[in-house]
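Side chains are part of it too, since the values below use all heavy atoms of this structure and drop only hydrogens, waters and symmetry mates.
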Amino acid sequence: HFYQSPHPNSPFRLSPIPILSFAGCHPSHPHATEVHPYCRPLMLSRINELPLWGTAIVYSGALITIIWLGIVFLSPLVRNVFKPETRTNELLSYCLLAFGVFFALLLCLLAVASYKNYDTVKSLVGREASSHGALYRTVSGYPEPQRSKLQSILQEYVTYTIDESMPALARGERPMRGITIMTKFQTALMSFEPTSKGQEILHAEALHLFSENTVLRRERARTISSGVPETMWGIVAFGIALIVIILIGLDIRRSLHFTISGALAIFFGMMIALISAMDQPYRSSVRVDSEPFLLLKRQLMSPNPDAAS
């Protein structure tokens with residue numbers, strides 16, 4: 001694997017680029033998988049693999065723990081900062097109200113963006129499966145042995161997607177063998193020479209469907225690293241820290257202090273759990289699965305499609 005510089009006289013025209021492989025597989029191995037930085041199995045990704053209610057409990061529990069510990073141990077220090085001010089609670093309440101509205105709006109916008117990304121990924125998986133089904137139907141009109149060869153390659157790709165590709169994405173890996181399979185299909189498709197007008201029309205339609213299929217596969221591959229930018233998550237963390245400081249500074253009865261801060265922590269924890277789950281559509285508990293490809297395999301590519309459907 002080499003980087004081709006656009007400048008012909010560049011001394012770095014052919015420089016090797018190391019490619020990370022998973023589980024010791026070399027990238028040239030047919031089962032090799034590239035580990036994408038976004039998909040590495042980080043601690044937050046492991047948390048998102050829990051059921052959605054479990055993820056909400058973890059985030060809410062973490063926020064409650066931080067806030068309550070701050071109330072117990074840091075509240076006197078924060079109050080000393082505002083000690084000369086006689087209207088501390090009133091001022092902090094105004095700040096909490098104004099800042100909380102904008103922060104809640106930010107979380108709502110992130111939730112909408114994450115759901116849109118999740119829906120896009122789910123739609124692309126379904127469209128790609130439909131594209132393979134249309135291509136499978138079209139090549140069924142080819143004469144033998146091209147028909148069986150092309151259909152067997154498509155069956156191999158669908159099986160690979162169900163058994164290898166989607167599970168690998170759920171583990172944080174980027175599978176690569178699908179490119180080899182579809183390149184093999186392209187070679188077999190391009191080698192066909194039509195001998196009649198009908199075969200020319202059929203072959204042109206197959207080429208058109210294959211081009212659409214290629215675009216869909218590339219679009220789905222691009223969504224592997226899509227999601228909320230890390231900078232945005234940093235802003236969310238900073239906003240939570242400010243809210244925690246304001247809550248700690250309130251001078252109210254301890255039981256009421258715990259109740260108000262706990263309710264806010266539960267709300268923010270549930271929102272963050274929902275956003276983070278949809279932000280990783282291939283890894284979280286609500287991840288997009290291979291159901292469209294399973295239906296395609298059962299209903300169209302099984303030995304008896306009528307019985308399977």
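- At distances below 3.5 Å, at least one donor-acceptor pair connects side-chain atoms of Ser261 with backbone N or O atoms of His257.
- In terms of modelled atom types and a separation under 3.5 Å, the side chain of Ser284 and the main chain of Met278 share no donor-acceptor contact.
- Side-chain N or O atoms of Tyr157 include none that pairs as donor or acceptor with a backbone N or O of His132 at under 3.5 Å.
- In terms of heavy atoms, Asn89 sits closest to Gly249 at OD1-O, 4.4 Å.
- Under the 3.5 Å distance criterion, the side-chain polar atoms of Ser191 are matched with a main-chain donor or acceptor of Ala188.
- Between the side chain of Ser165 and the main chain of Tyr160, no donor-acceptor pair closer than 3.5 Å is present.
- Applying the salt bridge (Lys or Arg N to Asp or Glu O under 4.0 Å) definition to pairs two or more places apart or across chains, those involving residues 250-259 are Arg79-Asp251.
- Looking at Ser75, its side chain does come within 3.5 Å of a backbone N or O of Ile248 through a donor-acceptor pair.
- Between the side chains of Tyr94 and Glu90, at least one donor N or O lies within less than 3.5 Å of an accepting N or O.
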Glu156/Arg177 under side chain to side chain contact (heavy atoms under 4.5 Å, CB included): CA gap, chis, key distance, verdict: CA-CA 11 Å; Glu156 180 185 0; Arg177 196 166 70 90; 3.6 Å; yes
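- One finds the CD1 atom of Ile260 at 9.5 Å from the CD1 atom of Ile71 (value rounded to the nearest 0.5 Å).
- Of the possible donor and acceptor atoms, none in the side chain of Asn213 sits under 3.5 Å from a partner among the backbone N and O of Ser131.
- Remark: Phe99 CZ is packed, more than 12 non-hydrogen atoms of other residues, nucleotides or ligands lying under 6.0 Å away.
- Side-chain polar atoms of Thr195 and Gln199 form a donor-acceptor pair below 3.5 angstrom.
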Go through Ser114 and Val228 one step at a time and tell me if the side chain to side chain contact (heavy atoms under 4.5 Å, CB included) criterion holds. CA-CA 7 Å; Ser114 298; Val228 177; 3.6 Å; yes
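- To the nearest 0.5 angstrom, Ser148 atom OG is 9.0 Å from Gln155 atom CD.
- With Thr223 contributing its side chain and Arg220 its backbone, the two residues share a donor-acceptor pair below 3.5 Å.
- Pairs passing the ring-ring contact (aromatic ring centres under 6.0 Å, His included) check and including a residue from residues 263-287, sequence neighbours excluded, read Phe103-Phe268.
- Here Thr138 contributes atom OG1 and His208 contributes atom NE2; the two are 10.0 Å apart, rounded to the nearest 0.5 Å.
- What you find for Ala221 and Arg174 is that their closest heavy atoms are O-NH2, 3.8 Å.
- Proximity of a side-chain donor or acceptor of Thr259 to a complementary backbone N or O of Ser255 within less than 3.5 Å is detected.
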How far apart are the C-alpha atoms of Thr180 and Lys184, what are their side-chain angles, what is the distance that settles it, and do they pass the side chain to side chain contact (heavy atoms under 4.5 Å, CB included) test? CA-CA 6 Å; Thr180 304; Lys184 182 170 59 175; 5.8 Å; no
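- Each ring-ring contact (aromatic ring centres under 6.0 Å, His included) pair with one or both residues in residues 164-195, not counting sequence neighbours, appears once here: Tyr142-Phe192, Phe185-Phe210, Phe192-His203.
- Interatomic distance, Leu154 CG to Leu135 CG, rounded to the nearest 0.5 Å: 5.0 Å.
- For Tyr136, the OH atom is densely surrounded, since the number of other residues' heavy atoms within 6.0 Å is greater than 12.
- Salt bridge annotation for Glu144-Arg147: present, with a cationic side-chain nitrogen under 4.0 angstrom from a carboxylate oxygen.
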